S.K.: 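First the structure, then my questions, so here it is.
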Amino acid sequence: MSGVITVVAPVNIAVIKYWGKRDEELIIPLNDSVSATLDTNVMCAKTSVCVSPDFVKDEIWLNGRKESFTSPRLQNCLRGIKSRAAAERSVDDAFLSWKIHVCSENNFPTAAGLASSAAGYACLVSALAKLYKVKSDVSSIARLGSGSACRSVYGGFVHWHAGVKPDGTDSIATQIVDSSHWPQMRALILVVGDHRKKVSSTKGMKISKETSELLQYRITKCVPFRTEAICQAIRDKDFAKFAEITMKDSNQFHAICLDSYPPFAYLTATSMKIIDFVHKYNDICGEPRVAYTFDAGSNACLYLLEDEVPKVLGVIQSLFPSSTPDSFIKGLPARVEPV
Ligand code: DP6
């Protein structure tokens with residue numbers, strides 16, 4: 001048996017959302033997206049892999065449960081890494097033919113809109129890359145597992161370029177700035193619910209692509225300008241601009257969910273209460289000091305600067321008195337760190 005390789009990969013939370021695929025099988029998005037990668041101390045996936053001539057088949061355990069290795073997404077990631085290893089001649093053919101065992105776990109709720117698949121596939125692909133000694137960029141292979149996973153391959157702020165090529169070879173993630181660029185930046189994850197979402201991201205984006213006119217408007221008229229503007233705001237450390245774009249983009253994404261037919265919604269009354277609180281807080285401050293963003297679930301991610309954290313936590317705890325910092329606020333202030 002080969003030595004066991006263990007890798008940890010962080011969650012990323014998008015500020016310009018990926019929603020809709022140009023190619024379902026290759027997981028090529030309709031639009032560019034931008035995210036921040038969170039510190040692995042707060043939310044991460046951990047994956048161990050090993051190969052052996054004695055293993056009879058590829059096997060995987062997820063959060064302690066044995067799962068099928070036949071999923072096309074898993075197969076595509078494994079095939080992608082192996083063909084890269086063959087091209088780079090990084091290991092010999094015998095090693096490539098041995099079967100693999102994978103064991104992966106998350107330290108946060110799975111499939112509750114907390115980017116678990118992003119961390120999970122980024123982790124799997126990074127572990128496989130290490131096992132097969134692949135040296136080149138693996139974001140396009142992580143993308144084959146789950147689109148947003150390609151952004152978790154890098155730390156700091158990351159831009160996933162939709163690309164234009166039919167084979168998706170230019171649909172890759174690049175780093176905008178590393179985590180040291182904006183050291184005051186923090187993310188607070190407010191866990192509203194850890195139940196599985198009713199409409200998966202994969203299914204939701206398919207319905208939206210087929211039925212939402214707002215989605216067409218968003219990808220052509222909004223995302224290109226927002227992407228450029230938010231990349232600039234990140235480089236300039238302009239929090240007010242960053243916050244405004246982040247909140248508008250989250251709201252537009254959830255508006256698309258309602259504009260889809262049949263419609264679906266991820267935000268709950270508690271999510272709306274958080275949105276309301278953020279706008280009132282920013283109004284009192286006279287400028288945006290906190291930004292919310294919601295993925296395909298009810299949990300909020302608040303972006304804010306370090307100085308604001310104690311004040312915002314205080315208000316949140318008074319708004320939601322039954323919650324405790326441990327139960328409601330899952331992630332404590334997270335620095336945006338590199339992988
Ligand atoms: C709302 O990456 O989970 O979180 O590519 O089908 O696996 P698949 O979808 P996934 O979608 C994430 C959608 C989102 C927005 C984002 O992270 O950009």
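Predicted model, so just to flag it, every value in this text is computed and none were measured. Read the numbers this way: they start at 1 and go in the same order the structure lists the ligands and their atoms.
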S.K.: Using 4.0 Å as the upper bound for N to carboxylate O, is an ion pair formed by Arg226 and Asp249?
M.R.: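 Salt bridge present between Asp249 and Arg226.
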
S.K.: Going by the atom numbers of ligand 1, which of them fall below 4.0 Å from some non-hydrogen atom of Ala296?
M.R.: 1 (C)

S.K.: Can you find a non-hydrogen atom of Trp160 under 4.0 Å from ligand 1?
M.R.: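 Contact check Trp160 vs ligand 1: negative.
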
S.K.: Taking the six-membered ring where the residue is Trp, are the ring centres of Tyr132 and Phe95 under 6.0 Å apart?
M.R.: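 For Tyr132 and Phe95, the ring centres are under 6.0 Å apart.
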
S.K.: Could you tell me if any non-hydrogen atom of Ala118 lies under 4.0 Å from any atom of ligand 1?
M.R.: no

S.K.: Give the atom numbers and elements of ligand 1 that come within less than 4.0 Å of a heavy atom of Ser201.
M.R.: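 Listed by number with element, the hits are 3 (O), 9 (O), 11 (O).
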
S.K.: Can you list the ligand 1 atoms lying under 4.0 Å from a non-hydrogen atom of Ile27?
M.R.: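 Result: 5 (O).
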
S.K.: What atoms of ligand 1 come closer than 4.0 angstrom to any heavy atom of Phe253?
M.R.: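 With Phe253 as reference, the close atoms of ligand 1 come out as 1 (C).
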
S.K.: Tell me, please: is Ser117 in heavy-atom contact with ligand 1, that is, under 4.0 Å?
M.R.: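 Flag set, Ser117 near ligand 1.
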
S.K.: Looking at Lys17, which atoms of ligand 1 are within less than 4.0 Å of one of its heavy atoms?
M.R.: 15 (C), 18 (O)

S.K.: Taking the six-membered ring of Tyr281 as reference, does the NZ or CZ atom of Lys311 fall below 6.0 Å from its centre and within a 45° cone about the axis?
M.R.: no

S.K.: Do the ring centers of Phe264 and His254 come within less than 6.0 Å of each other?
M.R.: no

S.K.: Tell me whether Arg73 reaches ligand 1 (any heavy atom closer than 4.0 angstrom to a ligand atom).
M.R.: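 Contact present.
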
S.K.: In this structure, is the centre-to-centre distance between the rings of Trp160 and Tyr18 below 6.0 Å?
M.R.: yes

S.K.: Using a strict cut-off of 4.0 Å, indicate which atoms of ligand 1 neighbour a heavy atom of Met205.
M.R.: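 Selected atoms, number and element: 9 (O), 11 (O).
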
S.K.: For the residue pair Thr246 and Ile230, what are the closest heavy atoms and their distance?
M.R.: OG1-CD1, 3.6 Å

S.K.: Can the ring centres of Phe242 and Trp182 be said to be less than 6.0 Å apart?
M.R.: yes

